[in-house]
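Each remark here refers to the structure printed beneath this line.
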Amino acid sequence: MAAELGLGTVPWGTLAEGFLTGKHTRENLSKNSGRGETVSKHAAKQKNWDILDEVIKVAAEIKRTPAQVALNWMLAKGATSPLVGTRSVEQLEESIKALEFELTAEQIDRLDKVSLPSELPFPTSFGPQSSKYLDAGVKISPSYTARTAAFFK
């Protein structure tokens with residue numbers, strides 16, 4: 001929708017608070033992430049592990065890190081400028097390497113398919129309930145909801 005309107009996007013949480021870096025496994029959630037509670041929420045959903053598994057497979061295929069693949073994938077989807085929450089110069093340098101390659105259409109398709117949401121995420125999920133919270137009688141146009149749903153296909 002942003003591209004349709006000529007708007008840039010600045011996504012945050014592009015690595016799912018470190019979950020998509022590959023340092024976490026089902027058997028061992030890294031205690032050094034600094035984002036333990038948030039990472040635990042990601043780890044509680046099987047779909048997120050499925051996404052991470054595919055990111056790791058693609059990374060192995062092209063000899064890149066999972067973080068680089070995740071960032072490159074997000075850029076391939078049209079993000080203008082991600083907010084990358086690095087804690088060190090080394091992490092920043094590794095993140096910048098996501099600009100050095102292009103994922104194939106087949107790899108992007110695999111990542112898109114595994115990550116397809118089963119329900120529309122925020123803010124779309126908030127729209128139909130907004131009048132309840134704002135108490136202003138806000139009505140969300142069905143065409144807005146339809147356009148947003150189409151964006152995720």
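- At distances below 3.5 Å, at least one donor-acceptor pair connects side-chain atoms of W49 with backbone N or O atoms of A43.
- Electrostatic pairing of R110 and E61 counts as a salt bridge here, judged by a charged N lying under 4.0 Å from a carboxylate O.
- Contact check for L111 versus L103: side-chain heavy atoms found under the 4.5 Å cut-off.
- Put simply, the side chain of K47 gets close to the backbone of L116: a donor and an acceptor are under 3.5 Å apart.
- For the residue pair G8 and T80, the shortest heavy atom distance occurs at CA-OG1, 3.0 Å.
- Between the side chain of Q91 and the main chain of R87, a donor-acceptor pair closer than 3.5 Å is present.
- In terms of heavy-atom proximity, S95 sits nearest to T86 at OG-CG2, 3.9 Å.
- The aromatic rings of H42 and F19 are tilted relative to each other, their planes meeting at an angle between 30° and 60°.
- Ion pairing between D109 and K113 holds under the 4.0 Å rule for side-chain N and carboxylate O.
- Side-chain atoms of Q68 come within 3.5 Å of backbone atoms of T65 as a donor-acceptor pair (strictly under, hydrogens ignored).
- Annotation: side chain of D112 is in contact with side chain of W73 (closest heavy-atom distance under 4.5 Å).
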Inset, instruction - Begin from the C-alpha positions of T14 and L71 and carry the test side-chain contact (heavy atoms from CB on, under 4.5 Å) through to its verdict. - result: CA-CA 7 Å; T14 52; L71 289 169; 3.4 Å; yes

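- Under a 4.0 Å N-O distance rule, the pair K45/D50 does not qualify as a salt bridge.
- No more than 12 heavy atoms of other residues, nucleotides or ligands shown are found within 6.0 angstrom of CD on E102.
- In plain terms, the two heavy atoms of L15 and A70 that are nearest each other are CD2-CB, 3.7 Å.
- K97 and E100 are not joined by a salt bridge, as no carboxylate oxygen comes within less than 4.0 angstrom of a charged side-chain nitrogen.
- Shown are V55, L20, I56; of these, the side-chain contact (heavy atoms from CB on, under 4.5 Å) with V69 is made only by V55.
- Taking 4.5 Å as the limit, every side-chain heavy atom of Q107 sits out of range of all side-chain heavy atoms of E54.
- Contact record, P66 with A59: N-CB, 3.7 Å, taken as the closest heavy-atom pair.
- Using a distance-only test at 3.5 Å, with no hydrogens or angles considered, no donor-acceptor pair links the side chain of N72 to the main chain of L99.
- Between A79 and P11 the shortest heavy-atom distance is CB-CG, 3.8 Å.
- The side-chain heavy atoms of I108 and K77, taken from C-beta on, include a pair separated by under 4.5 Å.
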